[in-house]
Amino acid sequence: MRNKILFGLAIVGILIGLVSAYIYSRQTPPQPPLATNYNPYVNGIFANGIIESYAANGENINIYPQVSGRVTGIFVQEGQTVAKGTPLFAIDDSVQKEVVAQNKAQAQAALALLQELKAEPRKETLTIAKKQVEYARASLKYQQAQLEITKKEMAINPQTVSKLALENVQNSVLIAENNLKVTQAQYALTQAGAWSYDIKNQQAIYHAARKTYASSNALLQQYIVRAPVTGDILRISTAIGSYASPQGVYGTYTQGMDPVVVMGKKTAYLQVRAYLDEILVPRLPAPADMTAKMFIRGLNNVSVPLQFVRIQPYVVPKIELSNQRTEKVDVRVLPILFKFKIPEHINLFPGELVDVYMGKKS
């Protein structure tokens, strides 16, 4: 009985081994490729690319505010065409408005004081100074008359006037004479008007206050960000109530700082910025002999011919196009720009990733 059991187990083991050998020896046919974009050129080279709005010099227009604060208004929509100078969005300017009002009041006060100095002498002040001179002259005349009377009394009877009384009257005359001189000098000073150095000093104060006001008012204008060129609004990365700064706005998805608004110029063309790995740079054809095509991801075997624009002659670290905060510092790339006429039968937008193949004209 025991031998039968061992014999049966041996047979089962042999069967399991044969089945396993059959299963593992089968070759599963490969899955069809997701994309069939094959290199259309003999010895062609490949690069990743990203579509941008066509700009003769540069990239898409990234707009950042010059000031920081909470966004209080957005005046445009994505896809809208705007003219140069059109308000795009506004940042809370309540504090800056008060600063401008204060600087304006200080400039106005400085101007008023300058005008007051230039308008001197004031008619009323000059009249008072003149009256003071007349009063001092009359007082001197009175004291001189008192001195003459005292002297005559002494001449008639020296015993009637003491030496002390005579000296007091003489001192009163002397005081009246000096007082007249002071009032005359004060009248001349008032008549001369403001001192030229006081006017120059006040002019400098006014100019400084006016510049401070102009500077703060110019800064106030920066709280409304306007379109720098005529073009299309490609992207708005903020909302009313969000915080914006000269570094941009925090991107929820990229977890980095993004431009508040991205603009592009509306033309019949778009451009492709292709990033060619540095190991392929020596194989790059001369610009005059270069031909290129791009393949749109998701559309198999659909290519668009590209026109060479220029090479950005500076090799940069390769970045993940989907997240520009991630750099592959072990690989560097050469940016190459192409343009293409927008096809009528394909929807293409700035920001799309494409595959670019470059070859040599035959």
Side-chain angles (χ1 to χ4, degrees), residues 64-73 75 84-148 168-228 244-246:
Y64 299 84
Q66 298 294 319
V67 295
S68 302
R70 181 173 54 85
V71 177
T72 57
F75 312 120
K84 181 179 179 180
T86 300
L88 302 179
F89 60 93
I91 294 177
D92 183 17
D93 60 357
S94 55
V95 175
Q96 186 62 25
K97 279 184 176 179
E98 295 301 323
V99 173
V100 171
Q102 179 184 4
N103 292 336
K104 182 178 181 181
Q106 291 174 344
Q108 290 174 339
L111 176 61
L113 182 54
L114 176 62
Q115 291 173 338
E116 177 184 343
L117 291 174
K118 289 183 176 181
E120 289 186 4
R122 183 178 173 182
K123 181 180 178 181
E124 294 80 2
T125 304
L126 190 61
T127 300
I128 292 174
K130 186 177 181 180
K131 293 296 182 182
Q132 288 175 339
V133 172
E134 293 175 356
Y135 176 78
R137 184 177 289 112
S139 178
L140 174 60
K141 187 176 181 180
Y142 172 76
Q143 294 299 334
Q144 288 174 339
Q146 289 297 114
L147 179 60
E148 291 297 326
N168 287 338
V169 175
Q170 289 175 337
N171 289 335
S172 297
V173 172
L174 182 61
I175 291 173
E177 288 176 348
N178 290 330
N179 186 52
L180 177 61
K181 292 179 181 178
V182 169
T183 55
Q184 287 175 334
Q186 186 64 43
Y187 175 73
L189 180 62
T190 303
Q191 193 176 32
W195 196 22
S196 61
Y197 294 102
D198 289 338
I199 294 177
K200 290 180 180 179
N201 181 58
Q202 189 58 35
Q203 281 179 332
I205 294 174
Y206 167 63
H207 288 319
R210 188 179 63 180
K211 289 183 179 297
T212 301
Y213 164 65
S215 176
S216 61
N217 190 55
L219 182 60
L220 178 62
Q221 307 309 314
Q222 299 298 325
Y223 282 79
I224 296 181
V225 180
R226 302 177 182 274
S245 72

* To do: Taking all heavy atoms of Leu180 and all of Leu140, pick out the closest pair and write down the distance.
  => CD2-CD2, 3.7 Å
* Results of salt bridge (Lys or Arg N to Asp or Glu O under 4.0 Å) for Arg70 - residues two or more places apart only -> Asp92
* Structure fact -> Scanning both residues in full, the closest heavy-atom pair of Leu117 with Ile199 reads CB-CG1, 4.1 Å
* **Thr212 side-chain N/O to Ala208 backbone N/O, donor-acceptor pair under 3.5 Å** => yes
* To do: Using the ring-ring contact (aromatic ring centres under 6.0 Å, His included) rule, collect all pairs that involve residues 175-196, keeping only residues at least two apart or in two chains.
  => Trp195-Tyr197
* **Heavy atoms from other residues, nucleotides or ligands near OH of Tyr135 exceed 12 (cutoff 6.0 Å)** => no
* Structure fact -> Nearest heavy-atom approach of Thr190 to Thr125 is CG2-CG2, 3.7 Å
* Structure fact -> CD of Gln222 to CG of Asp93, rounded to nearest 0.5 Å, is 12.0 Å
* Asked: Can you tell me how far the CD atom of Gln143 sits from the CD atom of Glu177, to the nearest 0.5 Å?
  -> 10.5 Å
* **Where Gln202 and Leu113 come nearest, the two heavy atoms and their spacing** => OE1-CD2, 3.3 Å
* **Matching residue for Gln106 among Lys104, Gln108, Gln102 - test: side chain to side chain contact (heavy atoms under 4.5 Å, CB included)** => Gln102
* For the student: nearest non-hydrogen atoms of Ala136 and Asn179, plus distance -> CB-ND2, 3.6 Å
* To do: Report yes or no: does Gln144 contribute a side-chain atom to a donor-acceptor pair with the main-chain N or O of Val173 at less than 3.5 Å?
  => no
* Structure fact -> For Pro246 and Gln66 the tightest heavy-atom approach is CG-O, 3.7 Å
* **Rounded distance [0.5 Å steps], CD in Glu120 versus CG in Leu126** => 11.0 Å
* At what distance, to the nearest 0.5 angstrom, does CZ of Arg210 lie from CD1 of Ile205? -> 14.0 Å
* Glu98 side chain vs Ser94 backbone, donor-acceptor pair below 3.5 Å -> no
* Asked: Just how far is it from atom CD of Gln170 to atom CG of Asn168, taken to the nearest 0.5 Å?
  -> 9.5 Å
